Amino acid sequence: MASSTVTSSRPDRPPRPNLAFRRLRGQRSPAEFAAAIRRAGLEIGEQVSCDARYIGRVEAGEIRCPNYAYERVFLHMFPGRTLTDLGFAPRSSVRGRRALDTEDAPPPRTTNRANATSETSRACEPYETRNPYDPYHPHDTYEESDVLRRAFMTGGGATVAAASLGPVGLARDAAAARRPAHSSVHRAGASDAGALEEAVRRIRLLDDRHGADGLYRRAAAPLRAAYALLDAGATRQTTADRLYSGAGELAISVGWLAHDSGRFDDARSHYAEALATARMTGDPGLEAHAFCNTAFLARDAGRPREAVRAAQAAQRVARPVGSARLMSLLALREAGGWAGLADRVGCEQALARAQAFFERGPSDADPEWMSFYGEAELEGLEAQCWSTLGDWPRAARHARRAAELQDPHFTRNIALYTAELADDLARGGRPDEAAVAGMRVLDLLEEVQSSRVQTMLAATARVLRPHRRATGVTAFLDRHASAPRMA
């Protein structure tokens, strides 16, 4: 592929796979490789929205040359190599829309909103090429710049402006939403589905870095917009499938923001909405995800038996997905329920299954939303189980390991695991070590807004109050008492 020269913007055969890029991925799943690319981007100040689908398109040869943001990230990841070494075509050989010959050029795009559809609302980078073999963009769509991916949609009743809520994502045109049912409404297109998927990614990224409390209220409008897109209908079945999947995943993401910020009733409603969407479309991956979060919520809300049943339901529907890592996480959700029921045997059996599934390693079948699930999360969730069962020393060992293993970009999770560690140490009779861990959490709370972490730390402070004479405890309690609280 790297040696090929593009002589036309409309190739006469399908693109060649990028084998060099595939070799660079190695044993990592597309989702894991995409996460590594996003982390590398953050190291140099580039926020690329890389996901497993992007990796697949590169490896399939559909993206012959990356945009400039991705180029900078790739060259940072693989120093000393050129784009050609990475399997891409030379930029000078790739001709985009602006280089189309006159006889091959598509009809001019209208600037009249009344006549424009959402399929024709986006310009492209000058080096990006048309790909007639892309099943999601089969006619006239181009790979956009991910670093500036604002995804403005101007399709009548399905209007979406991904940047109007800042970094979160979708926002709906209120006037279009109130348009009478009998009026002319342009249906949603592939670009609308792309904006929806991007909103989900951005919410997850912001939650990982900053916590849920500052995001939940801002995420309600994108969710309303997503279901408005479904109501508008889609131009193609493939687009409709993406819209339903994206809307369900967005409902789960917004539900998680509610869940993590202590709004349990709101979270339950959003998870139920995602579950209904999954069942309407027969999407086992989305259904498993909805049940997974429902189980987690039930455990936190003090309904451990419901947590067990929801986790078991998730495991049943997840089997066809073929992801061992997904089955591992679902077994951990079940273990949390058994721990809440004080059933140590049931908890240990579920933990053993979770570990066995995890050791099978990642695969291409792993859902994109599971990018957070690695050894650190495995250790953190096991720590929560032992803490619930009252085995404080064992819980502390797992919590400490979780905090040590966590990728530094997941600030919210580091705060969570360290708060778990502080509480386990306090309850296990090690107040001085608990105070040190508590101080680290207070440092992290300057970057993270999470009611969950604050609630955990408040409980730890109550346990430590009788131990003010222990080294560092008074300093921790005084700083905790003066720290600002979430509204």
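Every value quoted in this text rests on a predicted model; they were computed, and no experiment measured them.
- Residues that satisfy the side chain to side chain donor-acceptor pair (under 3.5 Å) test with R394, not counting sequence neighbours, are absent from this structure.
- Not one N or O on the side chain of D432 forms a donor-acceptor pair closer than 3.5 Å with the backbone of T471.
- For T474, the side-chain contact (heavy atoms from CB on, under 4.5 Å) partners are R468, D478, not counting sequence neighbours.
- Within a 6.0 Å sphere centred on CZ of R309, other residues, nucleotides and ligands contribute 12 heavy atoms or fewer.
- Nearest heavy atom pair, residue E273 against residue A251, reads OE1-CB, 4.4 Å.
- For residues 20-49, every residue pair satisfying the ring-ring contact (aromatic ring centres under 6.0 Å, His included) rule, not counting sequence neighbours, is listed here: F21-F33, F21-F74, F21-F88.
- Smallest separation of non-hydrogen atoms from L329 and C292: CD2-SG, 4.0 Å.
- Classified by interplanar angle (parallel below 30°, tilted 30° to 60°, perpendicular above 60°), the ring pair F358/Y373 is perpendicular.
- Not a single side chain to side chain donor-acceptor pair (under 3.5 Å) links S29 to another residue, sequence neighbours left out.
- Atoms CG and CZ, on L75 and R81 in that order, are 11.0 Å from each other to the nearest 0.5 Å.
- The shortest non-hydrogen separation linking M456 to D423 is O-OD1, 4.2 Å.
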Evaluate the criterion side chain to side chain contact (heavy atoms under 4.5 Å, CB included) for residue pair Q312 and F291; output intermediate values, then yes/no.
CA-CA 9 Å; Q312 291 173 341; F291 270 130; over 6 Å; no

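- When only modelled atom types and interatomic distance are considered, N293 and H259 share no side-chain donor-acceptor pair under 3.5 Å.
- When the side chain to side chain donor-acceptor pair (under 3.5 Å) test is applied to E71, the partners found at least two apart in sequence or on another chain are R91.
- Taking a cutoff of 4.0 Å between a charged side-chain nitrogen and a carboxylate oxygen, E368 and R53 do not qualify as a salt bridge.
- A salt bridge links E446 to R479: at least one charged side-chain nitrogen sits closer than 4.0 Å to a carboxylate oxygen.
- Counting all heavy atoms, side chain and backbone alike, C347 lies closest to W338 at N-CB, 3.5 Å.
- When the side-chain contact (heavy atoms from CB on, under 4.5 Å) test is applied to V436, the partners found at least two apart in sequence or on another chain are R440.
- Applying the salt bridge (Lys or Arg N to Asp or Glu O under 4.0 Å) test between E306 and each of R299, R268, R333 identifies R268 as the sole match.
- The CG atom of L330 lies 11.5 Å from the CZ atom of R316; values are rounded to the nearest 0.5 Å.
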